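What follows is a set of notes on a single structure, which appears directly below.
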2 protein chains.
Amino acid sequence: MSVTIRDVAKAAQTSAATVSKVMNGSGSISQATIDRVEQAMRDLGYHPNARARNFARQSTKMVLFLTTLGKNAGFSNPHMFEMMSGMEEALAKKGYLLCVKSIAAEEACGFVEKIFDSKEADGVVLHASIISPAMDELVAVREIPHIVIGIPDFPSHFSWIDIDNRLGGELAARYLLQCGYCSLAFLGGRQEDRISGHRLEGVLSVLNEHDVLIPGGHLRRGASDCDSGYAMTEELLSQKERPDAIICANNYIAYGCVMALKEHGEVIPEDIGVIAFDEYPLSRILKPMLTVVDIDVFDMGYQTGKCILSKIRKPNLTVRYYSTLPSVLERESTRKKVI
Amino acid sequence: MSVTIRDVAKAAQTSAATVSKVMNGSGSISQATIDRVEQAMRDLGYHPNARARNFARQSTKMVLFLTTLGKNAGFSNPHMFEMMSGMEEALAKKGYLLCVKSIAAEEACGFVEKIFDSKEADGVVLHASIISPAMDELVAVREIPHIVIGIPDFPSHFSWIDIDNRLGGELAARYLLQCGYCSLAFLGGRQEDRISGHRLEGVLSVLNEHDVLIPGGHLRRGASDCDSGYAMTEELLSQKERPDAIICANNYIAYGCVMALKEHGEVIPEDIGVIAFDEYPLSRILKPMLTVVDIDVFDMGYQTGKCILSKIRKPNLTVRYYSTLPSVLERESTRKKVI
DNA sequence: CTGAAAGCGCTAACAT
DNA sequence: ATGTTAGCGCTTTCAG
């Protein structure tokens, strides 16, 4: 058996309670005793048993990240993992551990209930894809320390954190105008793609504010892939009124767009400017390198980690906000700013 | 306070010990008692307290994955997360939880020691980048259930699991020969890049076996990026003796290579074939889509998970092997097989 | 087949 | 400032 708090107490000629107080900095212990206890701990190579400690304290110093993983999750959604890295960093600073658990949306609610019934974790971070009204009710009634990544798409009591995609759209549009482009186009994902939709809203609000009109034909939506980006760009170029800058709702659309522009002999960024969203995975790989509106995903994870920690302290605290502002990374696909 | 085992015992008119046995399937309990106990558990909505259970059993049902994360880890190394997803799936099947913890290589050894002194985890998965001779000694002496991801580059007692990159190289070369290409070239990463080196070894062994000579000029090494791939390809094309197929050690080199070939008017795959390694992130995005040698990273993680579980059961079991064989994914950058 | 009893190692309320 | 005491909720002998 390994060395316990009682062994240390004996060696330091004191009681277990005192040793505990020394470890947890209770304050009211004389320096002499502290020294003796610490010496004894060192001599014996003592390490408090985490399991016993969790049990006695009724806490695990662990938060669970629940999302749906499975094959290809790592490749198709690196953002999630970048966030996890940020969360881990925030949690580690306070001595918390981060566990990941893959769960299907249907099972998520039951699982969260079980986790808190059995007290396996101190808090949960929920990916927006697995939340439900039932989960909302559960979390509210039981006051479960939680935070949802992604703004819920139904009315709820959840605490959540998200990226402000609308603001991102505003930044993109404003930036292009500042570069001297004056006829913008937007290539987005399908109607159901909320992210793309929010980005478009932001764009439109800026144009509206600047009294810039955008012809209907310059607003196109399609699949979120390269081929679709290519096709939408061709459509754009075939119109009588052509844009001098294109906002692409994501990297893949931008890739197709750039390819089409090049094939048509358009020079980027002189003839036509291109701006996209997100650094990853292509913005720095394409020629020309893309100017993008990006957010610091790691930082967002870090914010999430800090959030869940404060929810663990005060479970009834409600948090809802857009963390981590987007910003423009200037590169080669847009002209230099003139303003 | 929530409902405990004693509440269940009382409701089922039996003892806590019996309830425990029912939960853990001790066998020697009458069906009648089992029914009563299960009924009581359901009636009371009982869920065993995981912390108390961990404490009493002296196990946490948790394995810790240690690696260095930090900013950009998610984007620059999606493979790691794909593996994690696989590990989680294997662990979840046996009721284990996966925790992730970022740690610098220098601190890793001390941290692992602390984890096992304080019994925070039942086992650890170590990324090869954080192992050291000191860690080897620690793990061996203390019989710490562990598995290293990546073959150690120094003599050690570690259990490890890795990808067989040499075999991957063999597959690539063999495949090209089967397609009727007969003059191969290899574009690799820098000398220090062990993965690239192993892939090259595999290529050479096949060529040797087939008595195919490869001119020195067809073996090039450079940075593992697009520009380097581009430059190396131009060098290749400027030689008197030109290859009819190029093996690119990674996706980025392949991207530069394809770009250079296109600019020189070479038709892929007719004039020159291109094969690369790994699906991610570009192989299906480039035009033409790349034929690649790929491995199932999720599966590798799954194997790793199963491995660590068996090590937890038998810590002195040694495991060392190349899990998950690579295979060729045929796409557009190579001719159809003729054999 | 069942139950009483003795912890697992630490914390925290309460005395002193 | 320190020690005593009583758990935390479950598992596991060991007797019956």
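Please read these numbers as outputs of a predicted model, since none were measured by experiment. In what follows, chains carry the letters A, B, and so on, assigned in the order in which the sequence lines appear, proteins first and then strands, with residues in each chain numbered from 1. Values below: all heavy atoms of this structure, side chains included; hydrogens, waters and symmetry mates excluded.
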Gln39(A) atom CD, neighbour heavy-atom count above 12 within 6.0 Å: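 Enclosed.
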Exceeds 12 heavy-atom contacts within 6.0 angstrom, atom NZ of Lys114(B):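 Counting neighbours around NZ of Lys114(B), more than 12 heavy atoms of other residues, nucleotides or ligands fall under 6.0 Å, so yes.
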[X] side chain near [N] phosphate (N/O to OP1/OP2, under 4.0 Å):
X	N	answer
Asn24(B)	dT11(D)	yes
Arg53(B)	dG9(D)	no
Gln58(B)	dC10(D)	no
Ser30(A)	dT2(D)	yes

Lys/Arg-Asp/Glu bridge criterion (N-O < 4.0 Å) met for Asp122(A), Arg57(A):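 No, Asp122(A) and Arg57(A) are not salt-bridged.
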Taking atom [atom2] of [N] as reference, at what distance in whole Å does atom [atom1] of [X] sit?
X	N	atom1	atom2	answer
Tyr46(B)	dG9(D)	OH	P	10 Å
Met41(A)	dG9(C)	CE	P	17 Å
Phe55(B)	dG9(D)	CZ	P	12 Å
Asn54(A)	dC8(C)	CG	C1'	13 Å
Ile5(B)	dT12(D)	CD1	C1'	11 Å
Ile29(A)	dT11(C)	CD1	C1'	13 Å
Gln31(A)	dT2(D)	CD	C1'	15 Å
Lys61(A)	dC10(C)	NZ	P	16 Å

5′-ward residue of the pair Ser20(A)/Arg57(B) relative to DNA chain C: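 The residue closer to the strand's 5' end, by nearest nucleotide, is Arg57(B).
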Can you check nucleotides 3-6 of chain C for protein contacts, nitrogen or oxygen pairs under 3.5 Å, and list what you find?
unit_1: dG3(C); atom_1: OP2; unit_2: Thr14(B); atom_2: OG1; d: 2.2
unit_1: dG3(C); atom_1: OP2; unit_2: Ser15(B); atom_2: N; d: 3.3
unit_1: dG3(C); atom_1: OP2; unit_2: Thr18(B); atom_2: OG1; d: 3.1
unit_1: dG3(C); atom_1: O6; unit_2: Lys21(B); atom_2: NZ; d: 2.2

Show me the donor-acceptor pairs within less than 3.5 Å that the side chains of residues 81-91 of chain B make with the rest of the protein, sequence neighbours left out.
unit_1: Glu82(B); atom_1: OE1; unit_2: Asn72(A); atom_2: N; d: 3.3
unit_1: Glu82(B); atom_1: OE1; unit_2: Ala73(A); atom_2: N; d: 3.4
unit_1: Glu82(B); atom_1: OE1; unit_2: Gly74(A); atom_2: N; d: 2.9
unit_1: Glu82(B); atom_1: OE2; unit_2: Asn72(A); atom_2: N; d: 2.6
unit_1: Ser85(B); atom_1: OG; unit_2: Phe81(B); atom_2: O; d: 3.0
unit_1: Glu88(B); atom_1: OE1; unit_2: Ser102(A); atom_2: N; d: 3.4
unit_1: Glu88(B); atom_1: OE2; unit_2: Ser102(A); atom_2: N; d: 3.4

Parallel, tilted or perpendicular, as decided by the 30° and 60° cut-offs, for the rings of Phe154(B) and Phe158(B):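 Perpendicular: the ring planes of Phe158(B) and Phe154(B) meet at over 60°.
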Flag for Tyr302(B)-Lys71(A): side-chain donor and acceptor within less than 3.5 Å: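 Lys71(A) vs Tyr302(B): no donor-acceptor pair found between side chains.
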Any pair counted as salt bridge (charged side-chain N to carboxylate O under 4.0 Å, His left out), so long as it reaches residues 299-308 of chain B, sequence neighbours left out: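 Residue pairs passing salt bridge (charged side-chain N to carboxylate O under 4.0 Å, His left out), neighbours aside: none found.
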